[in-house]
Amino acid sequence: MSITLTPAALARVQRYLSETPDALGLRFGVTRTGCSGWQYIADLAKEQRDGDTVFEQDGVRVLVDALSLPIVAGTTIDLVQQRLGEQFVFRNPNAADECGCGESFTTDQSRIALV
C-alpha cells in the first residue's frame, strides 16, 4: 500500500520543495509519543536513509522509514484550511483511535505486523 497526497497536499509539498532546493522530498512517518502511542512526523527529507521506502506521485517523493511503514501504509495526506491557516490531515486506515486532543493515535495491532 502506498502513501497518497491529495491535490491540495501535493501542491503544498511542491511549494515547500521549490523553496528548499536541497530537499529530496517529504519524509513521513511516526514516532512514539502522546497519550495514544503514535504521532505523525512530516518534514522535508534531506537524505535517503537505509531502509526507506520511496513513493513518488507527480514528481514528489515521499520517504517512509521501515518502522513507520506498516503503521502508515495506505495513508492519504490532505491539506485543509482551518480559520486563518492550513494543516496537513492524515487519513490512515491503520489508525484505530485518536486521543482527545487529536495529537496522537493508536493502531489495531492485530492488523499491523511491526518490524
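Just so it is clear, the model here is predicted, and its values are computed rather than measured.
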**Q** Give the table of side-chain donor-acceptor pairs shorter than 3.5 Å for residues 56-63, with sequence neighbours excluded, one pair per line with atom names and distance.
**A**
residue: Gln57; atom: OE1; partner: Leu5; partner atom: N; Å: 2.8
residue: Gln57; atom: NE2; partner: Leu5; partner atom: O; Å: 2.7
residue: Arg61; atom: NH2; partner: Gln48; partner atom: OE1; Å: 2.8

**Q** Can you name the nearest heavy-atom pair linking Asn94 to Ile71, along with the distance?
**A** ND2-O, 3.1 Å

**Q** List in chain and number order the residues that pass side chain to side chain contact (heavy atoms under 4.5 Å, CB included) with Asp50, two or more places apart in sequence or in another chain; answer none if no residue qualifies.
**A** none

**Q** Which atom names give the shortest non-hydrogen contact between Gly29 and Ser68, and what distance separates them?
**A**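 Smallest interatomic distance, heavy atoms only, reads CA-OG, 3.4 Å.
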
**Q** If I compare all heavy atoms of Pro93 with all of Ala73, which pair ends up nearest, and what's the gap?
**A**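 Taking every non-hydrogen atom into account, CG-O, 3.7 Å.
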
**Q** Are Leu24 and Ile77 connected into the same hydrophobic cluster when the rule is that any two of I, L, V, M, F, W, Y join if their side-chain heavy atoms are below 4.5 Å apart?
**A**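 No.
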
**Q** Partners of Asp52 by salt bridge (Lys or Arg N to Asp or Glu O under 4.0 Å), sequence neighbours excluded?
**A**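 Asp52 satisfies salt bridge (Lys or Arg N to Asp or Glu O under 4.0 Å) with Arg27 only.
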
**Q** Looking at residues at least two apart in the chain, or sitting in another chain, which of them share a salt bridge (Lys or Arg N to Asp or Glu O under 4.0 Å) with Glu19?
**A**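 Scan of Glu19 (salt bridge (Lys or Arg N to Asp or Glu O under 4.0 Å), adjacent residues dropped) gives none.
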
**Q** Among Leu26, Asp22, Leu44, which one satisfies side-chain contact (heavy atoms from CB on, under 4.5 Å) with Leu17?
**A**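 Looking at Leu26, Asp22, Leu44, the match for Leu17 under the side-chain contact (heavy atoms from CB on, under 4.5 Å) is Leu44.
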
**Q** Quick one: which residue pairs count as a ring-ring contact (aromatic ring centres under 6.0 Å, His included) with a foot in residues 43-67, not counting sequence neighbours?
**A** none

**Q** In Å and rounded to the nearest 0.5 Å, what is the CZ to CD distance from Arg32 to Gln39?
**A** 13.0 Å

**Q** For Ser18 versus Pro21, what's the shortest heavy-atom pair and its separation?
**A** O-CD, 4.4 Å

**Q** Can you name the ring-ring contact (aromatic ring centres under 6.0 Å, His included) partners of Tyr40, sequence neighbours left out?
**A**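 Once residues adjacent in sequence are excluded, the partners of Tyr40 under the ring-ring contact (aromatic ring centres under 6.0 Å, His included) criterion are Phe28, Phe90, Phe105.
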
**Q** Which residues, ordered by chain and number, are linked to Val89 in its hydrophobic cluster, where ILVMFWY side chains connect at heavy-atom gaps below 4.5 Å, directly or through other members?
**A** Val80

**Q** Please list, chain by chain and in numerical order, all residues satisfying salt bridge (Lys or Arg N to Asp or Glu O under 4.0 Å) with Arg15, sequence neighbours excluded.
**A** none

**Q** Among the clusters formed by ILVMFWY side chains lying less than 4.5 Å apart, do Val30 and Phe88 turn up in the same one?
**A** yes

**Q** Listing request: all salt bridge (charged side-chain N to carboxylate O under 4.0 Å, His left out) pairs with a residue in residues 64-77, at least two apart in sequence or in separate chains.
**A**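 Non-adjacent pairs meeting salt bridge (charged side-chain N to carboxylate O under 4.0 Å, His left out): zero.
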
**Q** Show me the pairs that pass salt bridge (charged side-chain N to carboxylate O under 4.0 Å, His left out) and involve residues 67-91, at least two apart or across chains.
**A**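 Found Arg12-Glu86, Asp78-Arg91.
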
